[in-house]
Amino acid sequence: MRRRIRRGASASAHGPSTRLADAAAAAFVPDALTIAPRHLDVGGDFLATMAIAGYPREVHAGWLAPLLTYPGRVDVAVHVEPIDPVTAANRLRRQLSKLESGRQLGDEKGRLVDPRVEAATEDAYDLSARVARGEGKLFRLGLYLTVHAASADELADEVAAVRALAASLLLDAKPTSYRSLQGWVSTLPLGLDQVRMRRTFDTAALSAAFPFTSPDLPPADPTSLAPTGVLYGLNVASQGLVHWDRFGDIDNHNAVVLGRSGVGKSYLVKLELLRSLYRGIEVHVVDPEDEYARLAHAVGASYLHLGGDGVRINPFDLPIHTTPDGRCTAPRDALVRRSLFLHTVISVLVGQLSAAERAALDIAITATYRAAGITADPGSWSRPAPLLVDLAATLAGSEDLAAVALGARLHPFTAGAFSGLFAGPSTGRGDGHLAIYSLRDLPEELKAIGTLLVLDAVWRRVSNPADRRPRLVVVDEAWLLMRQPAGADFLFRMAKSSRKYWAGLTVATQDTADVLATDLGRAIVTNAATQILLRQAPQAIDEITQVFDLSQGERQFLLSADRGQGLLAAGPQRVAFHALASPVEHRLITTNPAELADEPRVGDDGFFDLAVPAGPEDRADPDGLIYLDAL
């Protein structure tokens, strides 16, 4: 039996609007549709639909991946219909009654035990108990496959191959005989199930059938209703999707991204950053090269341009937090901790200190705070904090020769060429859903201390007990800070403590060998539950292989990976992926000069010049922050 339907033109006489609608539909509607018992001919495209009638007893995460990655053209449609708890309980009760009565009848007749009935009874009891405890729900699921081919003979071969693939997955694929049109409609993106060949699934089995589940990574919590994780890209091996949640049930929220220059480290970090903003995660970025300027402009970020005129961060500021009701609070040991942090700041500025210099510095810090009216009494902590020039004056006025020598070593940062960053009170705050701290205009000698001061400012916001929320702290080109022992130690402490404050530290660097050469660098890497390795240099691959315990195949992959390809390691699970961005995301995060040449309002360096307002939508603040409204 064959039916042939042609598209008519009788409706075109109803008016211009109808003719316009017909013209729009003509681009999608085939000229002819031939319906055969087991296949369709849709404008020269032969297709056949199969419904899955049998399923395996147990499934694992990503069990549908072989169907989704079949080399031919196959449309996979999954129809899900929830079952209300009352109906589910009644159906389970009736099913248990049937199974138990069958078992009892078999015992009375002296029949042998049917293993399939025994297995079904155990599963029904287990499922009934979980539904009664509220640990899961029941759903009706229909799974349909539509195979496409260029001819009828080729279609028969493709159908046989797909049925064989389904059989290897313990799936029984049946053709929708004499319902070929209904089967095709059921696989179109219309949400219509006209075949209605359903099977009951529980929550765990349904979550394993989720198309975005990667079989190489642990699945997300199936009971969570909120969307979790971000899409990193495509699985290199199976072309499935790699979806990972750094704030899930893992050891910590930290991540390291290691790779040689030009392999896409910043591209991947910006892609994760942008997709994390969709989830409501607050992000702070230390940007050494202004690579995040265009992204900041598009999403309405706050932008602090260190090295600009009048932009300063005072390391003497105490960590005073503001509660939602307007009260100012601070930790009881805030003054002591700030004094210890100043030891780190001075060490980064002038290098390692001797024992005599550290003792003289400790005395001078206390005296400098006391001269500003700040003592151990918390009531005095709201007074204006002293400046670095005040500390240098205290050291210079001391009778200790070590203090005088240390004060002289601070001269370039108090009255010399590098004094602009410390010449006054702090300006600007890293508020908002995304805060970018640019270090490009800082002199090379100040980039390490600039990174340290920014991390301290971010840490004070992250550790505020009155404002707890998920946060990401991104340190791009972290080697700038880690080449200083004091800076690496601060970064290590931040990596160890960030989980307590619902924050994750992202460290991206190209000098992998230098990071792994130090004990602190190795500790930072090992304290990251998420580790991403991009293409590596042959000179560093041996140490990478040893530290990350790579297999021979993983080693060769990292040596030959294309730009944007990498290895995502999350505990014992590892997956090779290729970063995938939409065209809009790509335009925001790319730094390719050839692609940016035709972008509007781009400076000579290839980036948006955000140091001055570029239009009426931009608002420059005199404190050095630029607030940019979303486009």
Side-chain angles (χ1 to χ4, degrees), residues 214-218 220 229-237 242-261 263-273 275-276 472-479 481-482 488 491-492 494-499 503-537 540-559 561 563-579:
S214 172
D216 306 288
L217 298 174
V230 298
L231 175 65
Y232 277 77
L234 293 176
N235 190 319
V236 173
V242 176
H243 200 262
W244 180 242
D245 183 13
R246 286 176 52 182
F247 289 89
D249 187 17
I250 55 178
D251 295 339
N252 56 66
H253 314 313
N254 300 334
V256 292
V257 183
L258 306 178
R260 63 189 302 178
S261 177
V263 299
K265 294 186 308 298
S266 298
Y267 188 96
L268 177 62
V269 170
K270 284 182 280 190
L271 185 63
E272 182 191 29
L273 179 158
R275 292 172 177 173
S276 297
L472 285 180
V473 181
V474 179
V475 183
D476 208 342
E477 301 299 346
W479 61 273
L481 181 62
M482 296 184 68
L491 199 62
F492 169 69
M494 190 172 185
K496 294 280 286 185
S497 305
S498 58
R499 178 179 174 86
L505 176 66
T506 300
V507 175
T509 182
Q510 60 181 327
D511 289 349
T512 307
D514 293 344
V515 172
L516 298 179
T518 63
D519 294 337
L520 285 177
R522 284 175 175 259
I524 292 173
V525 171
T526 56
N527 274 280
T530 303
Q531 301 167 342
I532 301 176
L533 303 177
L534 304 179
R535 188 170 69 228
Q536 302 294 324
I541 193 62
D542 291 335
E543 190 168 9
I544 292 279
T545 302
Q546 179 182 1
V547 172
F548 293 93
D549 193 21
L550 301 179
S551 66
Q552 188 64 27
E554 293 169 342
R555 172 191 173 102
Q556 293 301 321
F557 171 74
L558 293 181
L559 286 174
R563 178 178 298 180
Q565 291 185 347
L567 184 68
L568 172 61
Q573 290 83 18
R574 295 181 178 181
V575 56
F577 71 98
H578 191 287

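Not measured: the values here are computed from a predicted model.
- Using a 4.5 Å heavy-atom threshold, the side chains of D476 and S266 count as touching.
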Show the numbers, then the answer: is there a side chain to side chain contact (heavy atoms under 4.5 Å, CB included) between K265 and V263?
CA-CA 6 Å; K265 294 186 308 298; V263 299; 4.2 Å; yes
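- Contact of the L534 side chain with the R563 side chain is not registered, since no non-hydrogen atoms from C-beta on lie closer than 4.5 Å.
- Between I524 atom CD1 and M494 atom CE the span is 11.0 Å, to the nearest 0.5 Å.
- Residues L231 and F577 form no side-chain contact, since every pair of their non-hydrogen atoms from C-beta on lies 4.5 Å or further apart.
- Closest of all the heavy-atom pairs between S261 and Q510 is CB-OE1, 2.8 Å.
- The closest side-chain heavy-atom distance from L491 to L505 is below 4.5 Å.
- Side-chain contact between K496 and N527 is present, with heavy atoms from C-beta onward closer than 4.5 Å.
- When atom types are taken as modelled, the side chain of T526 and the backbone of A523 share a donor-acceptor pair closer than 3.5 angstrom.
- For the atom pair S497 OG and F492 CZ, the distance stands at 9.0 Å (nearest 0.5 Å).
- Side-chain atoms of L559 and F557, non-hydrogen and from C-beta on, never get closer than 4.5 Å to each other.
- Atom CD1 of I541 is separated from atom CD of E554 by 10.0 Å, given to the nearest 0.5 angstrom.
- L258 is listed as a side-chain neighbour of Q536, based on a closest heavy-atom distance under 4.5 Å.
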Given side chain to side chain contact (heavy atoms under 4.5 Å, CB included), test L567 with L550 step by step and report yes or no.
CA-CA 10 Å; L567 184 68; L550 301 179; 4.0 Å; yes
Test L568 against R574 for side chain to side chain contact (heavy atoms under 4.5 Å, CB included), laying out the working first.
CA-CA 6 Å; L568 172 61; R574 295 181 178 181; over 6 Å; no
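- Counting only heavy atoms from C-beta outward, the side chains of H578 and Q565 approach each other to under 4.5 Å.
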Decide yes or no on side chain to side chain contact (heavy atoms under 4.5 Å, CB included) for Y232 and H243, but give the supporting numbers first.
CA-CA 6 Å; Y232 277 77; H243 200 262; over 6 Å; no
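- Between the side chain of N254 and the main chain of A495, a donor-acceptor pair closer than 3.5 Å is present.
- Put simply, CZ on R555 and CG on L533 are 13.0 Å apart, with the number rounded to the nearest 0.5 Å.
- Judged by distance alone, the side chain of D251 and the main-chain N or O of A529 form no donor-acceptor pair under 3.5 Å.
- Only one option out of T530, I532, V575 pairs with W244 in a side chain to side chain contact (heavy atoms under 4.5 Å, CB included); it is T530.
- Nearest heavy atoms, A508 versus V269: CB-CG2, 4.1 Å.
- We find the OG1-CZ distance between T506 and R246 to be 3.5 Å, quoted to the nearest 0.5 Å.
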